[in-house]
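None of these values were measured; they are calculated from a predicted model. Side-chain atoms are counted along with the backbone in the values below, which use heavy atoms only and exclude waters and symmetry mates.
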Amino acid sequence: MIQTERLLLRRPEPGDADDFFDIFTDASTCQSDGGYLPYTVRDEAFQRDFDCIVKDASNRLFAVEKQSGRVIGVLHLMDTETEGEKEIGYVIQRNWRRRGYASEALEAVMVLLRAEGIRRIRCTVYLFNTPSQRLLEKLGFACVGLVEKQDPQWNESIYEKHMK
């Protein structure tokens with residue numbers, strides 16, 4: 001668990017299902033996170049997806065806003081083919097955006113990863129997601145490339161940050 005001024009970053013728990021559902025019922029959130037359809041009902045498919053995340057929680061952190069106790073975001077820490085490098089995916093629930101929570105969470109995770117010996121962090125961001133691009137640039141990431149997809153709508157910028 002990681003604590004920041006306003007957040008607890010911790011592994012997913014079974015009791016987080018309602019907040020997780022709230023995050024991923026928003027179409028724009030799901031589009032920016034991976035271009036998938038949002039959940040519309042808490043059915044078996046949702047529960048199966050959520051249970052898989054809780055079961056394989058080793059590479060995910062849920063961002064819990066301390067004052068409300070709500071899960072407001074999800075961070076996904078992924079290994080890459082390069083030793084000493086991690087890729088981070090992140091999403092913040094729509095109603096909690098533009099308040100510095102993503103920045104706060106990413107800064108805390110970068111400290112943790114640096115202590116674990118990670119020397120480079122990578123993030124990919126859809127070209128249409130300019131708020132996320134600006135956030136990464138503010139945190140010292142540099143755009144180092146472009147991933148071109150068959151459908152240009154899904155082209156992604158590759159951002160990297162070298163840790164000191």
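- Here the shortest heavy-atom pairing between K138 and S103 reads NZ-OG, 3.6 Å.
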TODO: Quick one: do V125 and Y159 satisfy side-chain contact (heavy atoms from CB on, under 4.5 Å)? Show the steps, please.
DONE: CA-CA 8 Å; V125 181; Y159 283 83; 4.2 Å; yes

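- Atom CD of E13 is separated from atom CZ of R11 by 11.5 Å, given to the nearest 0.5 angstrom.
- Note on ring orientation: taking the six-membered ring where Trp is involved, the planes of F46 and F21 are perpendicular (angle over 60°, cut-offs 30° and 60°).
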- [ ] Check step by step if side-chain contact (heavy atoms from CB on, under 4.5 Å) holds for R60 and L77.
- [x] CA-CA 6 Å; R60 295 190 201 271; L77 311 177; over 6 Å; no

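- Closest heavy-atom contact between L7 and A63: CD2-CB, 4.4 Å.
- The aromatic rings of W96 and Y101 stand perpendicular to each other, their planes meeting at an angle above 60°, with 30° marking the opposite boundary.
- Between Y126 and W154, the angle of the ring planes goes over 60°, which puts this pair in the perpendicular group of the 30/60° scheme.
- Between S28 and D26, the closest heavy-atom pair is OG-OD2, 2.7 Å.
- Of all heavy-atom pairs spanning R98 and P131, the tightest one is NH1-CB, 4.1 Å.
- Of the options L9, I53, L75, a side chain to side chain contact (heavy atoms under 4.5 Å, CB included) to F62 is made by I53 and by none of the others.
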TODO: Please test E65 against S68 for side chain to side chain donor-acceptor pair (under 3.5 Å), starting from the C-alpha separation and ending with a verdict.
DONE: CA-CA 6 Å; E65 199 268 337; S68 68; 2.7 Å; yes

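- Shown are K86, R119, E85; of these, the side chain to side chain contact (heavy atoms under 4.5 Å, CB included) with L113 is made only by K86.
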- [ ] Quick one: do V74 and L61 satisfy side-chain contact (heavy atoms from CB on, under 4.5 Å)? Show the steps, please.
- [x] CA-CA 6 Å; V74 178; L61 293 170; over 6 Å; no

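- Between the SG atom in C143 and the CD1 atom in I158 there is a gap of 8.0 Å [rounded to 0.5 Å].
- Here E104 pairs with R6 in a salt bridge; the nearest charged N to carboxylate O distance falls below 4.0 Å.
- In this pair, Y36 and F24 present their aromatic rings tilted. The plane angle is within the 30 to 60° band.
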- [ ] Evaluate the criterion side-chain contact (heavy atoms from CB on, under 4.5 Å) for residue pair Q93 and F20; output intermediate values, then yes/no.
- [x] CA-CA 9 Å; Q93 203 267 357; F20 185 84; over 6 Å; no

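- Checking side-chain atoms of K161 against main-chain N and O of C123 turns up no donor-acceptor pair under 3.5 Å.
- Here the side chain of S132 pairs no donor or acceptor atom with the backbone of N129 at under 3.5 angstrom.
- Salt bridge K149/E156: present, at least one basic N to carboxylate O contact under 4.0 Å.
- At least one donor-acceptor pair closer than 3.5 Å links the side chain of R97 to the backbone N or O of I92.
- Put simply, NZ on K55 and CZ on F50 are 14.5 Å apart, with the number rounded to the nearest 0.5 Å.
- Rounding to the nearest 0.5 Å places CZ of F141 at 9.5 Å from CD of E160.
- In terms of heavy-atom proximity, D33 sits nearest to Y90 at OD1-O, 4.4 Å.
- Annotation: the span from T25 atom OG1 to R42 atom CZ amounts to 11.0 Å, rounded to 0.5 Å.
- Looking at D16 and R10, a side-chain N of the basic residue comes within less than 4.0 Å of a carboxylate O on the acidic one, giving a salt bridge.
- Comment: E87 does not engage R122 in a salt bridge, judged by the lack of any side-chain N to carboxylate O separation of less than 4.0 angstrom.
- Between S157 and L146, the closest heavy-atom pair is N-CD1, 4.4 Å.
- Between R70 and D18 there is no salt bridge, since no side-chain N of the basic residue sits under 4.0 Å from a carboxylate O of the acidic one.
- In this structure, the separation between CG on L135 and CG on L106 is 6.0 Å, given to the nearest 0.5 Å.
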TODO: Please step through side chain to side chain donor-acceptor pair (under 3.5 Å) for the pair R94 and S32, ending with a clear verdict.
DONE: CA-CA 11 Å; R94 182 183 200 123; S32 294; over 6 Å; no

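- Checked against V64 for a side chain to side chain contact (heavy atoms under 4.5 Å, CB included), the options D19, I72, L8 give a single hit: L8.
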